[in-house]
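Proteins come first, then strands; the chains are lettered A, B, ... in the order of their sequence lines, and each starts at number 1.
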Protein chains: 2
Amino acid sequence: MSTGYGYDRAVMHQQPIGLVLTRTSRAVSRAFDERLAAAGGSLPVWLILLALKTQPARSQSELAGAVGIRGATLSHHLDGMEAAGLVTRRRDPASRRTSLVEMTEAGTQLFLRLREAAVAHDKRLRAGLSDEEVAHLAALLATLAANVTS
Amino acid sequence: MSTGYGYDRAVMHQQPIGLVLTRTSRAVSRAFDERLAAAGGSLPVWLILLALKTQPARSQSELAGAVGIRGATLSHHLDGMEAAGLVTRRRDPASRRTSLVEMTEAGTQLFLRLREAAVAHDKRLRAGLSDEEVAHLAALLATLAANVTS
DNA sequence: TATTGTTATACTCTATAACTATA
DNA sequence: TATAGTTATAGAGTATAACAATA
């Protein structure tokens, strides 16, 4: 019997999808980490800069939520990023216990380099896949994510 | 214009597929880690036991390759697993510098518990997806993995 | 000399708990 | 009291380099 995708039922159930996802994600993450490191960054730094770029001057709690890490973990990364001159922290005038994180010029420069690395990584990932297939993949992944968070 | 998947081109390119994969994989991995921990294991322990189950009495270098980690990292995990009574290491009679890793009865018991957790995780992941969609997802992920390793 | 595995050491990411400053 | 963020500490996973044993 044909599934319409070129796989029969015997093959389809060979590997749990969670295992396939874990292995793929490990391989792909490792490749991405290498590219980011070569460009002078890391995954958390990239995710933090990306979150800041899409919505500048965020409070740390918002930022931690956007990146998917705890506040203390974010503090840890921001310490390094601030020391490296990538971001600044200043108190929110409206509430002095909130701190607003902003990207510096050097942060923007690194962001651009990391974005290049991310774009190159993405191009490599998409090889052999049509836009439709990539869109379908994104939709399937979104379903998986929803399944574990609900 | 319709792509046939219910997504139009404007939506399709909103998010790089690498980012979607990273985020999905983080969320899914975290959920899986929690299940494995609740069952008394961890991801590396699960992957090592799984590799041993599918091909018993492997040398450590084979095992490290199958799991996707370095030899020294495997030694580290095996130390803990051996101390916990999950595996044994014995010298290969054919070549005394090679060590064969075997699962103990306790290792088998843990393997079964972790497999239960993995099956439950997989069932949850598949919610709302047909067998055909899961098979297609697996094929797409295989393409991504091939793209970064080639 | 080359290979298998171990040991020593260290790095990154993450977390929890206790703390400070502010509201 | 409650909240935003920091600091101290720790644990898991991984890695490289130097080493020992064996081939």
Side-chain angles (χ1 to χ4, degrees), chain A residues 22-23 25-27 29-38 40-49 51 57-84 87-102, chain B residues 22-23 25-27 29-38 40-49 51 57-84 87-102:
Chain A
T22 297
R23 287 190 171 145
S25 151
R26 284 185 147 211
S29 296
R30 201 163 297 201
F32 191 30
D33 285 347
E34 279 164 19
R35 279 187 184 269
L36 290 173
S42 66
L43 183 60
V45 166
W46 164 240
L47 293 176
I48 290 167
L49 291 178
R58 308 181 89 160
S59 75
Q60 291 193 199
S61 26
E62 281 180 318
L63 202 46
V67 175
I69 54 180
R70 298 286 173 169
T73 304
L74 179 65
S75 280
H76 169 74
H77 291 305
L78 288 181
D79 288 347
M81 293 172 72
E82 199 173 25
V87 296
T88 55
R89 284 187 269 206
R90 69 181 169 86
R91 291 295 164 181
D92 185 342
S95 166
R96 286 182 39 218
R97 74 183 168 192
T98 302
S99 113
L100 299 177
V101 182
E102 290 169 303
Chain B
T22 296
R23 289 190 170 144
S25 150
R26 283 183 150 214
S29 296
R30 201 163 297 201
F32 190 30
D33 285 347
E34 280 164 19
R35 280 187 183 269
L36 290 173
S42 67
L43 184 60
V45 167
W46 164 240
L47 292 176
I48 291 167
L49 290 178
R58 307 181 89 158
S59 76
Q60 291 194 199
S61 28
E62 280 179 320
L63 202 47
V67 174
I69 55 179
R70 298 286 175 170
T73 304
L74 179 65
S75 280
H76 169 73
H77 291 304
L78 287 181
D79 287 348
M81 293 173 72
E82 198 173 24
V87 296
T88 56
R89 284 187 268 206
R90 68 182 172 85
R91 291 294 164 182
D92 185 342
S95 166
R96 286 183 37 217
R97 75 182 167 194
T98 303
S99 111
L100 299 177
V101 181
E102 290 168 303

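- With sequence neighbours excluded, the residues satisfying salt bridge (charged side-chain N to carboxylate O under 4.0 Å, His left out) with B:E82 are B:R89.
- Within residues 74-83 of chain B, the residues that place at least one heavy atom under 4.0 Å from DNA chain D are, in residue-number order, B:H76, B:H77.
- One interatomic measurement links the two molecules: CZ of B:R30 to P of C:dC13, which rounds to 14 Å at whole-angstrom precision.
- Between D:dG5, C:dC13, D:dA15, one nucleotide has an atom nearer to the side chain of A:S42 than all others, and that is C:dC13.
- Between A:R89 and the phosphate of D:dG5, there is no side-chain N or O to OP1/OP2 separation shorter than 4.0 Å.
- Under 4.0 angstrom from either OP1 or OP2 of C:dG5 there lies at least one side-chain N or O belonging to B:S61.
- Evaluation of the side-chain contact (heavy atoms from CB on, under 4.5 Å) rule for A:E102 yields A:A57, A:T88, A:R90 as partners, not counting sequence neighbours.
- Rounded to whole Å, the distance from CG on A:L63 to C1' on D:dA4 is 13 Å.
- One finds no side-chain N or O of B:R26 lying less than 4.0 angstrom from the OP1 or OP2 phosphate oxygen of C:dC13.
- Among the heavy atoms of the strands lying under 4.0 Å from B:T73 is at least one base atom, whether or not backbone atoms are also near.
- Between B:I69 atom CD1 and C:dG5 atom C1' the separation is 13 Å, expressed in whole Å.
- To the nearest angstrom, P of C:dT7 lies 10 Å from CD of B:Q60.
- Nearest to the side chain of A:P44, among D:dT14, D:dG5, C:dC13, sits C:dC13.
- Between D:dG5 and A:R58, no contact under 4.0 Å exists linking OP1 or OP2 to a side-chain N or O.
- Across its full length, the helix from C:dT1-D:dA23 to C:dA23-D:dT1 shows an angle of 20° between the axes of its 5 terminal pairs at either end, rounded to 10 degrees.
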Footprint string (nucleotides 17-23 of chain C, 5' to 3'): B base within contact, S backbone only, - free, heavy atoms under 4.0 Å: B----BS
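- Taking A:D92 as the reference, A:A94, A:T98, A:L100 meet the side-chain contact (heavy atoms from CB on, under 4.5 Å) condition, with sequence neighbours excluded.
- Remark: A:R91 is not in phosphate contact with D:dG5, judged by side-chain N or O atoms under 4.0 Å from OP1 or OP2.
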